[in-house]
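Read through the structure below, which is laid out as structure tokens, and then see the notes.
Keep in mind that this is a model prediction, so the values were computed, not measured. A note on names: the letters A, B, ... follow the listed sequences, proteins ahead of strands, and every chain is numbered from 1.
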Protein chains: 2
Amino acid sequence: MKKTTIQDIAKAAGVSKATVSRAIHSPQLVKRNTLNRIQLIMESRDYVYDAVAGDLARKKSSIIGLIIPTIKNSIFSSTVYGIQQKAEEYGYTTLIGNSNYDNETEIRLMKLFQQRRVAGLIVTGLSAGSLKRIESLVQQEVPSVVTWELPDTDTVSFAGFDNFKAAYSMTDYLIRLKHLRIGLIIGPYTKIDRARKRFEGYLAALKNHGIVYDPDLIVECNYTMIDGKEGMHRLLSLTESPTAVFAVSDVLAMGALSAIKEKGLNVPKDISLAGFDDIEFAAFLDPPLTTVKIPAYEMGQLAVKALFDLINSGSKSIKQYRLNTDLIIRESCGEPEGNKGKSIQRNE
Amino acid sequence: MKKTTIQDIAKAAGVSKATVSRAIHSPQLVKRNTLNRIQLIMESRDYVYDAVAGDLARKKSSIIGLIIPTIKNSIFSSTVYGIQQKAEEYGYTTLIGNSNYDNETEIRLMKLFQQRRVAGLIVTGLSAGSLKRIESLVQQEVPSVVTWELPDTDTVSFAGFDNFKAAYSMTDYLIRLKHLRIGLIIGPYTKIDRARKRFEGYLAALKNHGIVYDPDLIVECNYTMIDGKEGMHRLLSLTESPTAVFAVSDVLAMGALSAIKEKGLNVPKDISLAGFDDIEFAAFLDPPLTTVKIPAYEMGQLAVKALFDLINSGSKSIKQYRLNTDLIIRESCGEPEGNKGKSIQRNE
DNA sequence: CAAGAAAATGTAACCGGTTTCATAATCAAT
DNA sequence: ATTGATTATGAAACCGGTTACATTTTCTTG
């Protein structure tokens with residue numbers, strides 16, 4: 001049984017395809033009478049509009065493409081959610097691709113989406129290469145916006161936040177609590193720009209306070225709880241282990257926390273722990289996690305807003321949203337034991 | 001600047017559209033020489049294949065639609081991930097819609113996907129209404145598979161597990177630990193079939209052990225940590241509070257756990273706590289959470305497999321995968337205090 | 001080299017809509 | 001009833017590909 005098309009409807013209603021098309025999209029252009037007849041026939045024949053054909057004819061689609069590193073980290077889910085909510089308001093659907101933190105995959109997905117003729121693209125880019133790629137997409141008239149970072153360009157729209165500053169402020173906070181040996185558990189900062197910026201923020205904070213950087217305190221790993229746990233175990237087995245650890249992702253922090261507990265240590269008495277993202281469960285940990293709040297949901301919404309500005313302006317209106325992050329002080333960080341009152345050692 | 005089409009390429013290469021089309025999809029049908037020429041021209045003009053036009057002409061698409069309750073719960077993310085991984089193997093992309101546990105939205109999304117002419121649909125259905133809808137979709141030749149449950153039908157493919165049994169087994173386990181007052185924190189079981197099945201599993205276990213069902217011990221709520229926390233607070237403020245609580249979602253359990261700690265109680269000494277789903281963090285909680293493991297990832301993969309069987313067989317081959325759930329015993333459940341050795345009270 | 005088979009390419013209809021422009025029908029007002 | 005404006009509809013080209021079928025080219029081989 002062939003699917004019903006507007007042609008069929010037209011014939012049955014004794015009108016032309018054009019009229020049926022109008023009946024669907026601009027009913028006010030069709031006489032009451034005709035309209036009713038057409039609608040009745042559509043009902044009775046289970047007509048289903050073909051959005052593919054429509055998109056082709058109209059030369060525009062109502063799908064936006066979204067590329068994120070992974071759907072498995074709930075912090076990205078929040079952004080996705082923000083995007084979907086907002087996109088839906090505009091009548092758009094979202095096609096999601098996971099790059100799995102892989103550059104090749106990311107590029108492949110961009111191409112794929114471009115082939116699908118998405119109305120626009122939102123990318124949580126990985127590297128400088130991503131940016132180049134996006135600039136070229138924009139030139140090829142695929143409206144695109146970057147999120148989760150502040151790319152250094154004025155030709156690309158974005159809704160992001162300052163990864164450097166966010167990591168800086170947390171490190172600074174820990175230093176002010178009088179920590180001198182601050183461990184860092186962080187994602188693959190050689191591959192991912194965002195992670196590198198955070199790493200630099202950490203470094204800069206140390207430097208500003210005149211603290212020497214100790215490479216032994218850095219654990220580079222992937223973004224799972226297991227990684228966090230293993231990373232923390234490594235730090236704890238150091239001859240001179242850190243008094244505070246900054247896990248640059250709450251997921252890592254959670255893994256780290258479990259490692260600490262396994263060792264029978266107390267947070268924050270024996271060791272301070274800080275996270276990054278402020279995902280929902282951060283507040284529910286024991287102790288509640290001090291972390292950096294990323295406005296993931298709002299960022300998603302603004303990314304969509306920026307995207308539609310781009311779309312509606314024929315790629316003219318470039319919007320760049322810089323969102324703030326917040327230090328969320330809970331109970332997982334305190335002054336280092338035995339260091340109370342001691343002033344910070346400086347290396348000059 | 002107009003986009004380059006195969007027409008343009010054809011003209012430039014001095015061949016027909018058909019040859020260009022072949023060069024793209026079946027290069028082995030094109031002479032080496034011509035092929036090279038065409039490819040060169042495609043390169044130089046930044047030709048981007050139009051998958052929309054292709055899909056229309058070919059009357060099939062390479063997008064599969066996916067409807068889940070919410071992307072925000074990581075347990076669904078696992079299923080999504082499984083689906084995306086598998087779908088990608090087959091060269092398909094995934095369009096994701098969130099129903100937000102709302103029936104209307106779910107139906108709207110199904111229609112939307114049908115209009116988009118998706119190759120197939122994977123639905124984490126909500127209610128009996130969903131099933132009806134899906135049966136009708138299948139009749140309209142939209143290959144569809146249900147997941148996350150075992151619909152009672154033989155005309156629809158699915159990859160799911162037995163929600164009743166899963167909840168039954170956990171409740172049974174708690175009872176065998178000698179708990180008599182078992183609280184239940186559960187999602188909106190009046191609206192969501194899956195939740196209702198679980199509720200019934202709980203009820204059946206009680207009944208089988210001759211324990212009277214106390215409505216005061218049931219908290220019906222949504223699926224966030226806050227809900228779990230509030231729910232647990234309610235249970236703890238009961239005159240006769242439960243000795244064990246079964247939170248039918250790890251997210252709820254985590255909220256519940258924080259409520260328990262807030263009260264200064266110990267798990268499992270003062271109260272036992274069980275979850276459902278076995279999301280990644282369940283093992284990392286303090287104490288590690290006893291829960292029911294749902295094979296979310298595998299389920300996603302099998303759903304895709306079932307879907308492609310359906311697609312490739314012209315909707316003939318119906319596959320029904322019944323997956324097992326496992327009781328994961330960790331440390332959050334123990335015998336009730338002061339009840340040790342006491343035998344179970346029966347109400348006959 | 002001729003002839004038949006195999007390989008390469010072209011022609012044109014088609015997928016299911018949209019939209020411009022022209023024409024026909026209706027309406028208001030003189 | 002006539003005219004001009006307004007509203008409703010139709011005809012046909014178009015969107016960018018695919019594909020069945022026909023035709024041409026190239027390859028084999030006797």
Side-chain angles (χ1 to χ4, degrees), chain A residues 1-39 41-42 45-63 112 114-119 140-142, chain B residues 1-39 41-42 45-63 112 114-119 140-142:
Chain A
M1 186 185 60
K2 300 262 310 153
K3 258 159 202 148
T4 316
T5 71
I6 56 169
Q7 188 66 270
D8 305 330
I9 306 292
K11 205 180 307 167
V15 297
S16 72
K17 289 201 302 178
T19 303
V20 178
S21 178
R22 288 184 195 109
I24 295 169
H25 301 291
S26 346
Q28 76 283 4
L29 292 183
V30 176
K31 211 195 332 188
R32 254 298 156 77
N33 219 309
T34 328
L35 183 60
N36 288 151
R37 188 153 31 99
I38 292 176
Q39 286 177 334
I41 296 176
M42 292 201 300
R45 309 222 177 172
D46 298 310
Y47 170 74
V48 179
Y49 178 76
D50 188 327
V52 177
D55 279 0
L56 176 60
R58 202 191 305 253
K59 286 162 74 94
K60 67 196 209 62
S61 94
S62 49
I63 293 185
L112 197 70
Q114 195 182 0
Q115 293 191 347
R116 279 263 108 77
R117 296 293 189 265
V118 292
Q140 288 172 65
E141 293 173 43
V142 182
Chain B
M1 185 186 62
K2 300 263 309 156
K3 258 158 201 151
T4 316
T5 71
I6 56 168
Q7 188 66 271
D8 305 329
I9 305 293
K11 204 179 308 166
V15 298
S16 72
K17 289 200 303 179
T19 303
V20 178
S21 179
R22 287 184 196 109
I24 295 170
H25 301 291
S26 345
Q28 76 283 4
L29 293 183
V30 175
K31 212 199 324 192
R32 254 299 157 76
N33 218 309
T34 327
L35 183 60
N36 288 150
R37 189 154 30 101
I38 291 176
Q39 286 176 334
I41 296 176
M42 291 202 299
R45 309 220 177 175
D46 298 311
Y47 171 73
V48 179
Y49 177 76
D50 188 326
V52 177
D55 279 0
L56 177 61
R58 202 192 308 251
K59 284 159 79 92
K60 68 197 210 52
S61 97
S62 49
I63 292 185
L112 197 70
Q114 196 183 359
Q115 293 191 346
R116 278 261 106 78
R117 295 294 189 265
V118 293
Q140 288 173 64
E141 293 173 43
V142 182

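With sequence neighbours excluded, no residue forms a side chain to side chain contact (heavy atoms under 4.5 Å, CB included) with Ala57(B). Judged as a ring pair (Phe, Tyr, Trp, His ring centres under 6.0 Å), and not counting sequence neighbours, Tyr47(A) has no contacts. By the salt bridge (charged side-chain N to carboxylate O under 4.0 Å, His left out) test, Arg117(A) is found to be paired with Asp50(B), residues two or more places apart in sequence or in another chain being considered. In terms of the side-chain hydrogen bond (donor to acceptor under 3.5 Å, both in side chains) criterion, Gln39(A) has no residue partners (sequence neighbours excluded). Residues passing the side chain to side chain contact (heavy atoms under 4.5 Å, CB included) test with Asp8(B) are Thr4(B), Thr5(B), sequence neighbours excluded.
Separating the CG atom of Leu29(A) from the C1' atom of dT6(D) is a distance of 13 Å, rounded to the nearest angstrom. One atom, CG of Asn33(A), and another, C1' of dT26(C), lie 14 Å apart when rounded to the nearest Å. Rounding to whole angstrom units, NZ of residue Lys60(B) and C1' of dC14(C) are separated by 17 Å. In this structure, Lys11(A) atom NZ and dG10(D) atom P are separated by 14 Å, rounded to whole Å.
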**Message:** How would you summarise protein contacts on nucleotides 15-27 of chain D per nucleotide, using B for base, S for sugar-phosphate only and - for none, with heavy-atom distances below 4.0 Å?
**Reply:** BBBBBB-------
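Heavy atoms of Gln115(A) sit nowhere under 4.0 angstrom from any nucleic acid atom.
Identified under the salt bridge (charged side-chain N to carboxylate O under 4.0 Å, His left out) test for residues 9-25 of chain A, with sequence neighbours left out: none. Identified under the salt bridge (charged side-chain N to carboxylate O under 4.0 Å, His left out) test for residues 52-62 of chain A, with sequence neighbours left out: Asp55(A)-Arg116(B).
Dashed line: the shortest gap from a side-chain N or O of Thr34(B) to OP1 or OP2 of dA8(C) is not under 4.0 Å.
Recorded end-axis angle for the helix from dC1(C)-dG30(D) to dT30(C)-dA1(D) stands at 30°, based on five pairs per end and rounded to 10 degrees.
Between Ala10(B) and Ser16(B) the shortest heavy-atom distance is CB-C, 3.7 Å.
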